[in-house]
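A quick write-up on the structure given underneath.
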Amino acid sequence: MITNSKIILREKRLADAWSDYHWETDPELAQLDAAPVSAISFSQYLLDYANELQSSLPTSHHFAVDTVGGKHIGNCSYYNVSETKGKAELGIMIGNRDYWNRGYGTDAVSTLVNYIFSQTNLSRIHLKTLKSNTRAQKCFQKCGFTPYGHLVRDGFSFTLMEIHRNQWQEEQAKA
Ligand SMILES: CC(C)(COP(=O)(O)OP(=O)(O)OC[C@H]1O[C@@H](n2cnc3c(N)ncnc32)[C@H](O)[C@@H]1OP(=O)(O)O)[C@@H](O)C(=O)NCCC(=O)NCCS
């Protein structure tokens, strides 16, 4: 469990399944994530969810985002971990709209970045976000990410962003 001023990052658990299902079947959230809306039933989702919780991959690390009061409001992760290239991809979703634009995303992302650079040997974290998702880009910028390119895939236009360990260290030294 990792605590910051607004949020707690913790391991995923079965009790998260209902909120995760609710968010993954939400058309607006799917659109913001350039993902298809899940059409799966909750009973099937729960079965898959339980199996995934049991099988942890070394290349993929998922966390729930809770408020400090213990309310589950979203998820974040780092995945596609390449030890040889020293890099991983980061993802975040604050699913509960009541917590948008209130600094929770920034707190979660900066907590995860701190965790990755302090607990692993990775030297670069990268991500992609829809070019139109200016709120997400602002959030990532506040956490030290900078744009480094663009990608068009499946008709979606993405902004690519990254942060290197030395940039993070410089910011840590200033704080
Ligand atoms: C993207 C997301 C993680 C950001 O988290 P958040 O808690 O809402 O964002 P924060 O409050 O930490 O920071 C957002 C910043 O963007 C600003 N902002 C809000 N809407 C904006 C817009 N349309 N354009 C530009 N900036 C915007 C906010 O004012 C804030 O900046 P400030 O603190 O300087 O005022 C969260 O909103 C979310 O998960 N949204 C739904 C799913 C999604 O977009 N997924 C894609 C992620 S790649």
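Counting starts at 1 for both ligands and their atoms, following the listed order. Just so we're clear, the structure is a prediction, and the values are computed from it rather than from any experiment.
Taking W18 as the reference, Y21, F42 meet the ring-ring contact (aromatic ring centres under 6.0 Å, His included) condition, with sequence neighbours excluded. Remark: R10 pairs with D16, D66 by the salt bridge (charged side-chain N to carboxylate O under 4.0 Å, His left out) rule, at least two apart or across chains. With sequence neighbours excluded, the residues satisfying salt bridge (charged side-chain N to carboxylate O under 4.0 Å, His left out) with E89 are K128.
Counting non-hydrogen atoms of neighbouring residues, nucleotides and ligands closer than 6.0 angstrom, the CD atom of Q31 reaches no more than 12 such neighbours. For Q172, the CD atom is densely surrounded, since the number of other residues' heavy atoms within 6.0 Å is greater than 12.
In this structure, ligand 1 sits under 4.0 Å from heavy atoms belonging to L29, L32, I92, M93, I94, Y99, W100, N101, R102, G103, Y104, G105, T106, T129, N133, T134, R135, A136, K138, C139, F140, K142.
Residues K6 and Y99 have side chains not in contact (no heavy-atom distance under 4.5 Å, counting atoms from C-beta outward).
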